[in-house]
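Hydrogens, waters and symmetry mates are skipped; everything else that's a heavy atom, side chains included, is used.
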Amino acid sequence: MGIIMKWSRAYKELSDYTADVPGIDGERILREIYGDNQDEKIELSKKIRYYLYDKELQKLASVFCQKGIQIVFMKGIVLARKLYTMPWNRNFCDIDILVSPEKLFDAVRVLETMKYATEADTDKNSIEIYLKEIDREHHLLPFVKQEAGSFPFVIELHVDIVPAWMFQIDNNLTAGILSRRKIRQRIPEMEKYDELIFQILHLLKHYVFDMTMGFINGNIHAYINIRDLHEIALLLEKWEGEFDHVEFMERVRKYTVENEVLLVVKWLQEIYPFTKRKFKEMSLEEREKGCFVSRFCRVGRGMSTRRILFGESRKIAGEAIRILQRDSVTIRCGNCGDEVKWPDGKAEWIQFDNQKRVTDNRYGTYLAAGRYREGILYSVRFCFLWNREHLYFFISIDNPSANYYRHLNESEILGITGYDFVRLHFDTGKRGEKEPYVRAFKLKPYYTYKGDMDIYIEEEFYCTGGGIHLMEKGTCRTAAVKKGNRCYMMAGIPWEHLQYRPEADAEVYFDVWMRTEDFLMECQNAYHAWYDVSGYGRFRLCR
């Protein structure tokens, strides 16, 4: 292939693994990892780009050191320098820098003095708001510098190694990673066990993100990045004789990512036999609870490695969801007939309050995101009733934010996520290509111009031809009233919008997500709740 690999054993074992897989072009996979373009001009361009980026990397390391800001470089160019004899053949898009949240503002200032610019707001207040966001992404928008006659340099500034809403790990891990960093050839990098765990999580992050986004839009095209998996094997080979499985296990438990590591270790041991002895004495226990990534990894260990690597993503995701949804708790949904009134004994009420910080996932991922102020007493209760035409959702909230009742016109409410609302998510049960797994309905009470209360209902779906729009008046049955500190809401959603057929004993998988400005409740640390179809609760339609 024209590329001499330093780590020949891992290369050969990957070739052997893919050689007899039906329909798999082993050469194509190896080209994907190492590149195979012999065009001299392109090869020269790649070399120039790499050396310019490497020079910029060293400049960044020097400037941050002078400013007294601890950082580590991650991923692309670091792996290119460390693992490849021809590092320019390892593609990368940017330079990834990890910095502590406390030093993020200072790091931004450093990049701006080096003539980097970003579309993000970088004043001190904006940085503080970003750091307080409960569902923040793990890095700011990219910083870019374009110098005359040179390639554009792109930097991503991270404060977390993975998005908090995808992984149930402690964001304070960044401090430990920075304290254990190693300086290699004047470049600050992660210590080897931190780097190995990070590479495993990074591999899974892309795979599961593509999968979960596909739940909403019906286009699941999630594949394991073979190159990323191969580079984990290359790291293990590089650390031959230095790998202590006991120390590695202790670090894995500190990260609370046992399920994630166990799954990727299984893949490594099947594809790269030399890794078996590195993990042969490893004893990690599975975690029963956790975010979707963790629970999917637990299910994934029961699936064939070749199927996950080369199988059809949609079928794999559908099977995993069916397995995970078996643990959902079922509640009763009574038939209210033609006369609909506030529920009595026919419904099963679910209640959350600030005296019960529920940590399990009994009734879906039910979340309320916002700022919680100590001393506020609140409670939230909800239930469902049904008849042939509608599914009725009832909710009562004590001490909600005053923002709940502010009047918004349609142009303001449409697509807005910053105002207080309740959002219902329904697993449609659709598992076909280009069919959304999820539909959502956002509910917000408000005062009309006449002083009466009503409810906005906004329907959300992202399949082909879908989008976000307000439900037409008359399509839904709605009512809202405020008595003292309590708000009561009722919304009847037509079954045709839910894509379910109403009949006794039918089961509907659902989730509830509520956002307010005044308090925060959480039952699971997965903030983008409706992506996680596997964690939904369910109700059964009773006669």
Side-chain angles (χ1 to χ4, degrees), residues 72-76 78-79 82-83 92 94 96-99 101 135-139 156-178 180-181 189-213 222-236 239 243 247-268 275 278-279 282 284 286-287 289-301 308-309 320 524-528 531-532:
V72 293
F73 295 103
M74 309 183 296
K75 299 190 298 184
V78 174
L79 295 174
K82 184 183 301 184
L83 299 179
F92 57 86
D94 48 40
D96 293 276
I97 300 176
L98 180 69
V99 64
D135 55 352
R136 73 182 183 214
E137 290 298 336
H138 59 310
H139 62 75
E156 286 187 351
L157 204 54
H158 298 246
V159 291
D160 310 308
I161 57 173
V162 288
W165 65 269
M166 287 186 67
F167 290 83
Q168 201 166 27
I169 65 174
D170 187 349
N171 288 339
N172 294 326
L173 288 170
T174 298
I177 292 170
L178 292 171
R180 292 186 292 268
R181 67 181 188 154
E189 301 176 10
M190 288 184 180
E191 180 269 345
K192 60 178 176 293
Y193 301 120
D194 288 325
E195 184 171 27
L196 182 58
I197 295 171
F198 166 69
Q199 291 300 138
I200 288 172
L201 298 184
H202 180 71
L203 168 75
L204 292 170
K205 182 199 80 170
H206 284 288
Y207 178 59
V208 177
F209 180 79
D210 290 343
M211 184 180 294
T212 52
M213 288 299 294
Y223 300 99
I224 297 297
N225 187 310
I226 300 295
R227 184 192 66 188
D228 287 356
L229 184 64
H230 188 64
E231 286 178 341
I232 294 171
L234 295 182
L235 286 172
L236 288 168
W239 297 326
F243 189 86
E247 189 174 351
F248 176 65
M249 285 190 297
E250 289 176 356
R251 194 71 52 81
V252 171
R253 294 188 186 102
K254 186 177 182 63
Y255 277 74
T256 66
V257 291
E258 289 91 333
N259 293 351
E260 292 88 334
V261 169
L262 284 168
L263 178 61
V264 176
V265 165
K266 175 192 173 186
W267 298 342
L268 290 168
T275 65
K278 291 191 180 292
F279 299 113
M282 192 173 74
L284 291 172
E286 288 186 339
R287 286 182 171 266
K289 299 174 183 176
C291 60
F292 172 71
V293 183
S294 175
R295 289 181 290 116
F296 173 81
C297 289
R298 181 159 50 89
V299 171
R301 291 184 69 206
I308 289 182
L309 264 58
Q524 184 182 332
N525 188 15
Y527 301 117
H528 291 218
Y531 295 167
D532 186 1

Under 3.5 Å, side chain of Ser294 to main-chain N/O of Asn259, donor-acceptor pair present? no
Below 4.5 Å, heavy atoms only, C-beta onward: do Leu229 and Val264 meet side chain to side chain? yes
Measure the spacing between CG of Asn225 and CG of Leu204 and express it to the nearest 0.5 Å. 11.5 Å
For residues 194-201, please give each side-chain donor-acceptor pair under 3.5 Å, one per line with the distance, not counting sequence neighbours.
unit_1, atom_1, unit_2, atom_2, d
Asp194, OD1, Arg180, NH2, 3.0
Asp194, OD1, Arg251, NH1, 3.2
Asp194, OD1, Tyr255, OH, 2.8
Asp194, OD2, Arg180, NE, 2.9
Asp194, OD2, Arg180, NH2, 3.3
Glu195, OE1, Lys82, NZ, 2.6
Glu195, OE2, Lys82, NZ, 3.1

If you measure from CZ on Phe296 to OH on Tyr207, what distance do you get to the nearest 0.5 Å? 4.0 Å
Arg301 versus Leu263, closest heavy-atom pair with distance: N-CD1, 3.7 Å
Which atoms form the tightest heavy-atom contact between Val159 and Pro101, and what is the distance? CG1-CA, 4.0 Å
Got a second to check how far Lys205's NZ is from Glu260's CD, nearest 0.5 Å? 14.5 Å
Heavy-atom closest pair, residues His202 and Asp228: CD2-OD2, 4.0 Å
Looking at Val99 and Thr174, what are the two nearest heavy atoms and their distance? O-CG2, 3.8 Å
So with a 6.0 Å cut-off around NZ of Lys266, is the heavy-atom count from everything else above 12? yes
Closest contact, heavy atoms only, Phe92 versus Gly76: CB-CA, 3.8 Å
Reported NE2-to-CD1 distance for the pair His206 and Ile224, which is rounded to 0.5 angstrom: 11.5 Å
Note: Phe279 and Phe243 closest approach over all heavy atoms is CE2-CZ, 3.8 Å
Report the C-alpha distance between Trp267 and Ile232 in whole Å, list the side-chain angles of each, state the deciding distance to 0.1 Å, and finish with yes or no for side chain to side chain contact (heavy atoms under 4.5 Å, CB included). CA-CA 11 Å; Trp267 298 342; Ile232 294 171; over 6 Å; no
When rounded to the nearest 0.5 angstrom, what distance separates CD in Glu247 from NZ in Lys192? 6.0 Å
Test item: Phe73 and Asp96 side chains (from C-beta on) under 4.5 Å apart, heavy atoms: no
When rounded to the nearest 0.5 angstrom, what distance separates CD1 in Ile177 from CD in Glu189? 14.0 Å
